[in-house]
Amino acid sequence: MKVGAPENKLGRVIVQVLLLHLLLQSVHSQKSQNKLNITKPGQNIPAALRVQLSRVSHDKVVVDNGIIQVTFSSPQGLITGIKYKGIDNVLDDEIDDRGYWDVAWYEPEKKLEIDKLEGTKFEIITQNEEQVEISFTRTWTLSKRGSLVPLNVDKRYIIRSGVSGIYMYGILERLEGWPDVDMDQIRIVFKLNPKKFDFMAISDDRQRSMPSMADRDNAKQLAYKEAVLFTNPENPMFKGEVDDKYMYSMEDKDNNVHGWISSNPPVGFWMITPSDEFRLGGPVKQDLTSHAGPITLSMFTSTHYAGKEMRMDYRNGEPWKKVFGPVFAYLNSVSPKDSTLRLWRDAKRKMASEVKSWPYDFVNSEDYPLSHQRGTIQGQFFVKDSYMSRLNIYGKFAFVGLAPFGEAGSWQTESKGYQFWTRADRKGRFIIENVREGNYSLYAWGFGFIGDYKYEQNITITPGSIMNVGPIVYEPPRKGPTLWEIGVPDRTAGEFYIPDPYPTLMNKLYVNPLQDRFRQYGLWDRYADLYPENDLVYTIGVSDYRRDWFFAHVTRNVGNNTYQPTTWQIIFNLKNVNQIGVYTLRIALASAADSELQIRINDPKSDHIFTTGLIGKDNAIARHGIHGLYRLYSIDVAGNLLSVGDNTIYLTQTRSIGPFQGVMYDYIRLESPPRT
Ligand SMILES: *[C@@H]1O[C@H](CO)[C@@H](O)[C@H](O)[C@H]1NC(C)=O
Ligand SMILES: *[C@@H]1O[C@H](CO)[C@@H](O)[C@H](O)[C@H]1NC(C)=O
Ligand SMILES: *[C@@H]1O[C@H](CO)[C@@H](O)[C@H](O)[C@H]1NC(C)=O
Ligand SMILES: *[C@@H]1O[C@H](CO)[C@@H](O)[C@H](O)[C@H]1NC(C)=O
């Protein structure tokens with residue numbers, strides 16, 4: 001099926017649906033509080049730039065603003081064609097699914113299903129010469145049980161005059177009493193025209209020419225299907241390189257614009273995400289961006305770098321409603337004489353201006369609050385650690401955020417509500433604007449101290465409110481003075497030793513030693529090269545964590561598909577010991593995948609004094625990360641286990657079926673008993 005064939009070839013029949021539209025407008029003005037004024041006298045838009053909506057056939061809707069022309073299947077609401085600057089279709093015409101939403105879902109214990117959220121009803125929400133907003137909806141009923149995700153769906157698209165892109169948002173809802181469901185992922189996918197787009201840019205430093213899907217199909221699969229080695233690619237430039245979409249993951253706080261460039265004609269296609277409010281898991285949740293295909297994603301929710309703890313699960317008829325987006329698919333172009341890298345710079349500029357205009361004032365849904373319907377919270381965050389400083393210190397550059405009610409730190413696996421985060425300034429002052437009406441907890445955490453802060457009171461945000469919580473003070477866990485520490489509390493393993501990749505398994509993008517070295521393939525196996533027989537031993541006062549602490553506590557590959565558990569040692573010298581006191585070991589983990597960490601003191605054969613039990617599914621080792629979810633353990637160490645002179649802490653990761661089991665440490669500290 002070639003739904004996206006160029007319109008002019010078909011002979012374009014423009015059927016203005018004005019009457020229908022006026023009818024719908026009156027229906028909408030009754031139910032929608034954010035009604036836009038349809039007629040805007042005094043704004044004379046040149047005819048060529050008016051937004052026009054046409055139905056070229058019973059199953060196709062076209063919106064054209066004189067810059068881009070977008071074709072939607074109707075009433076399904078898939079984007080099948082984007083015509084722009086001489087490219088008949090920016091999307092991949094050769095395949096059916098090229099611009100769509102999907103949800104990965106299942107009823108508990110049943111098989112995973114993918115639902116493309118195809119609509120059954122088309123509606124015009126707003127239509128005037130300045131903008132068109134259209135909607136494709138689907139209503140769930142019990143008869144659909146098992147075949148469609150139990151959600152009411154409203155997919156919205158907005159095209160505005162003078163703007164070369166498509167705003168996209170979705171309102172997903174389940175009603176009370178609907179069946180139990182788990183949802184692992186919600187996203188928008190664009191599969192771009194592979195004859196045009198061959199250069200990908202996801203940040204200033206992460207940009208490269210990309211292999212094609214055909215190259216990937218002919219490549220050798222590595223340890224899992226996403227990672228391949230190009231042995232004989234069409235373009236010899238990729239020979240010997242590894243490609244894996246997870247090499248292009250990013251933390252949500254940095255994931256505001258990414259996409260692709262076509263050099264002929266010089267055109268860019270970008271996914272701009274102006275706000276994180278509808279994403280899940282807080283500012284450092286990681287997710288996919290763009291990758292070989294050419295594919296560009298807007299990931300709204302996923303279990304990536306988190307695991308099932310992050311999944312959205314609904315039980316006992318729990319109702320839910322959420323607006324995802326708007327996100328903005330932006331297209332740009334330069335003259336053939338210009339460098340195509342200007343497209344990236346322009347995309348960043350556009351992103352910054354979209355961020356500034358958030359919340360958008362042109363979105364026409366009562367479920368999307370406008371600026372005046374939102375509230376503000378501000379305050380000043382301090383950290384109090386009396387063993388570090390007598391005075392409270394500023395919570396410098398701390399992350400401060402509102403998220404649904406929960407325990408301190410619960411935001412990192414929270415997946416159903418909205419979250420609003422900011423970073424404090426150097427004096428810990430923070431202001432969070434444009435918060436949706438609702439009840440929240442106020443959370444904070446940051447670099448340089450351990451644990452999670454939660455403000456004791458519930459926060460209620462009402463429209464137009466400005467709340468000032470004043471100074472708030474966090475006391476990180478602490479019982480006594482620091483005897484020694486390894487690493488820095490930053491929730492990543494990035495400061496530890498990251499090995500060189502195998503020269504035969506590289507992505508050249510990450511060869512520059514200062515830049516994201518951890519994103520290379522196969523680093524987990526370098527452990528066995530460095531420690532073929534004896535495990536890592538770290539001596540306090542002698543070793544340097546940047547050099548001597550491997551970034552991931554992995555299993556040892558002993559060949560023949562066999563892996564061994566590994567035990568790391570920390571050796572430290574004590575001049576004196578408080579035999580009746582209790583020492584405290586703080587272990588902050590940056591990641592855990594199907595592992596169990598056991599701790600023994602001074603005798604590797606003794607009973608462990610602590611175990612994490614089986615933890616983690618964040619898979620950060622396999623996904624080239626330096627963190628997944630954060631976990632902090634505080635472990636009592638009885639003074640009588642320690643001796644004057646050398647002592648050893650044994651850290652054993654006991655699970656060893658495969659290469660991807662293990663933990664990453666963020667930070668380790670031993671505290672003396674409290675001063676009396
Ligand atoms: C729309 O705007 C015009 C001009 O500002 C105003 O006269 C008119 O009353 C408005 N209509 C509605 C329905 O708000
Ligand atoms: C917030 O909590 C209060 C008190 O529990 C409740 O009355 C109110 O409905 C809640 N507001 C929202 C928007 O959920
Ligand atoms: C905050 O709200 C939750 C949920 O309504 C409630 O259980 C809790 O007691 C409230 N906490 C405070 C301090 O009011
Ligand atoms: C690997 O496994 C095979 C078959 O089980 C065995 O014959 C061989 O000796 C093993 N090699 C090593 C190095 O253990």
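In what follows, residues are counted from 1 in the order of the sequence shown.
At least one side-chain heavy atom of Glu277 sits under 4.5 Å from a side-chain heavy atom of Trp358. At a threshold of 4.5 Å between non-hydrogen side-chain atoms, the residues Val63 and Phe72 count as touching. Using a 4.5 Å heavy-atom cutoff, the side chains of Thr492 and Asp666 are not in contact. Side-chain contact between Ile295 and Phe197: absent, with no pair of heavy atoms (C-beta onward) separated by less than 4.5 Å.
At least one cation-pi condition fails for Arg187 and Phe300: the charged atom is not both under 6.0 angstrom from the six-membered ring centre and inside a 45 degree cone around its axis. For Lys322 and Tyr418, the positive end sits near the middle of the six-membered ring, less than 6.0 Å away and at most 45° from its axis. Both tests pass for Arg526 against the ring of Tyr502: distance under 6.0 Å to the centre and angle within 45° of the axis. By the 6.0 Å and 45° rule, Arg517 does not stack over the aromatic ring of Tyr510.
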Derivation of the side chain to side chain contact (heavy atoms under 4.5 Å, CB included) call for Trp260 and Met210: CA-CA 10 Å; Trp260 288 84; Met210 289 292 285; 3.6 Å; yes

Criterion side-chain hydrogen bond (donor to acceptor under 3.5 Å, both in side chains) on Trp101 and Asp115, from CA distance to verdict: CA-CA 8 Å; Trp101 288 70; Asp115 187 330; over 6 Å; no

Working for side-chain hydrogen bond (donor to acceptor under 3.5 Å, both in side chains), residues Tyr224 and Asp244: CA-CA 10 Å; Tyr224 43 86; Asp244 177 355; 3.0 Å; yes

Residues Tyr167, Glu354; criterion side-chain hydrogen bond (donor to acceptor under 3.5 Å, both in side chains); working and verdict: CA-CA 11 Å; Tyr167 294 92; Glu354 295 297 309; 3.1 Å; yes

Intermediate values then yes/no, side chain to side chain contact (heavy atoms under 4.5 Å, CB included), Met664 and Phe518: CA-CA 12 Å; Met664 292 182 199; Phe518 61 87; over 6 Å; no

Trace of the ring pair (Phe, Tyr, Trp, His ring centres under 6.0 Å) decision for Tyr527 with Phe550: CA-CA 7 Å; Tyr527 179 77; Phe550 199 77; 5.4 Å; yes

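Between the side chains of Tyr521 and Glu241, no donor N or O sits under 3.5 Å from an acceptor N or O. Donor-acceptor pairing under 3.5 Å is recorded for the side chains of Tyr665 and His553. Side-chain N/O atoms of Trp270 and Asn332 include a donor and acceptor closer than 3.5 Å. Counted by atom type alone, Thr303 and Asp184 present zero donor-acceptor pairs between their side chains at under 3.5 Å. Checked by atom type, the side-chain pair Ser290/Thr296 shows a donor-acceptor distance below 3.5 Å. With no hydrogens or angles considered, a side-chain donor-acceptor pair links Ser135 and Asp154 at under 3.5 Å. For the residue pair Asp205 / Ser203, no side-chain donor-acceptor distance below 3.5 Å is found, with atom types taken as modelled. Inspection of the His627 and Glu251 side chains reveals an N or O donor paired with an N or O acceptor under 3.5 Å.
Proximity of the aromatic rings of Phe551 and Tyr497 is defined here by a centroid distance below 6.0 angstrom, and this criterion is not met.
Under a cut-off of 6.0 angstrom, the local environment of CD in Glu113 is crowded, with over 12 non-hydrogen atoms contributed by other residues, nucleotides or ligands. More than 12 heavy atoms of other residues, nucleotides or ligands sit less than 6.0 Å from atom CG of Leu530. Within a 6.0 Å radius of NZ in Lys116, other residues, nucleotides and ligands contribute more than 12 heavy atoms.
Under the 3.5 Å distance criterion, the side-chain polar atoms of Tyr157 are matched with a main-chain donor or acceptor of Gly77. Without hydrogens or angle criteria, Tyr630 side chain to Gln412 main chain gives no donor-acceptor distance under 3.5 Å. Although no hydrogens or angles enter the test, the distance criterion places no donor-acceptor pair under 3.5 Å between the side chain of Asp254 and the main chain of Pro283. Between the side chain of Ser262 and the main chain of Pro265, a donor-acceptor pair closer than 3.5 Å is present. At least one donor-acceptor pair closer than 3.5 Å links the side chain of Ser302 to the backbone N or O of His304. Side-chain N or O atoms of Asn255 include none that pairs as donor or acceptor with a backbone N or O of Asp252 at under 3.5 Å. With hydrogens and angles disregarded, a donor-acceptor distance shorter than 3.5 Å links the side chain of Gln419 to the backbone of Gly282. Under a 3.5 Å cut-off, the side chain of Asn560 and the backbone N or O of Thr562 do not form any donor-acceptor pair. In this structure, the side chain of Thr80 engages the main chain of Thr71 through a donor-acceptor pair within 3.5 Å. A donor-acceptor pair under 3.5 Å links the side-chain atoms of Arg206 to the main chain of Met247, judged by distance alone.
In this structure, Asn256 CG and Ile272 CD1 are separated by 9.0 Å, a value rounded to the nearest 0.5 Å. Distance check: Ile202 CD1 to Gln207 CD gives 9.0 Å after rounding to the nearest 0.5 Å. In this structure, the separation between CE on Met237 and CZ on Phe230 is 11.0 Å, given to the nearest 0.5 Å.
A ring-ring contact (aromatic ring centres under 6.0 Å, His included) with Phe136 is found for one member of Tyr169, Phe122, Tyr100 and no other, namely Phe122. For the salt bridge (charged side-chain N to carboxylate O under 4.0 Å, His left out) criterion with Asp93, the lone passing option out of Lys191, Arg98, Lys83 is Arg98.
The heavy-atom pair separating Asn218 from Thr231 by the smallest distance is O-OG1, 4.2 Å. Of all non-hydrogen atoms in Thr301 and Leu280, the two that sit nearest each other are CA-CD2, 3.4 Å. In plain terms, the two heavy atoms of Tyr84 and Ser164 that are nearest each other are CE1-CB, 4.1 Å. Nearest approach of Pro211 to Ala292, heavy atoms of both residues: O-CB, 3.8 Å. Of all the heavy atoms in Tyr563 and Ile657, the pair that sits closest is CD1-O, 3.6 Å. Looking at every heavy atom in both residues, Thr555 comes nearest to Pro659 through OG1-CA, 3.7 Å.
A salt bridge between Asp287 and Lys285 is present, with a side-chain N of the basic residue lying under 4.0 Å from a carboxylate O of the acidic one. Glu133 and Arg156 are joined by a salt bridge, as a carboxylate oxygen and a charged side-chain nitrogen come within less than 4.0 angstrom of each other. Between Lys416 and Glu414 there is no salt bridge, since none of the side-chain N atoms of the basic residue sits less than 4.0 Å from a carboxylate O of the acidic one. A salt bridge is defined here as a Lys NZ or Arg NE, NH1 or NH2 lying under 4.0 Å from an Asp or Glu carboxylate O, and Arg216 with Asp243 meets this definition. Salt-bridge check for Glu309 with Arg631: passed, with a basic side-chain N closer than 4.0 Å to an acidic carboxylate O. By the 4.0 Å N-to-carboxylate-O rule, Lys308 lies too far from Asp313 to be salt-bridged with it. The residues Lys195 and Glu94 are annotated as salt-bridged, a charged nitrogen and a carboxylate oxygen being separated by less than 4.0 angstrom.
Looking at residues two or more places apart in sequence or on another chain, you find a side chain to side chain contact (heavy atoms under 4.5 Å, CB included) between Arg342 and Val334, Asp338, Arg345. Applying the side chain to side chain donor-acceptor pair (under 3.5 Å) criterion to Asp594, with sequence neighbours excluded, gives Gln661.
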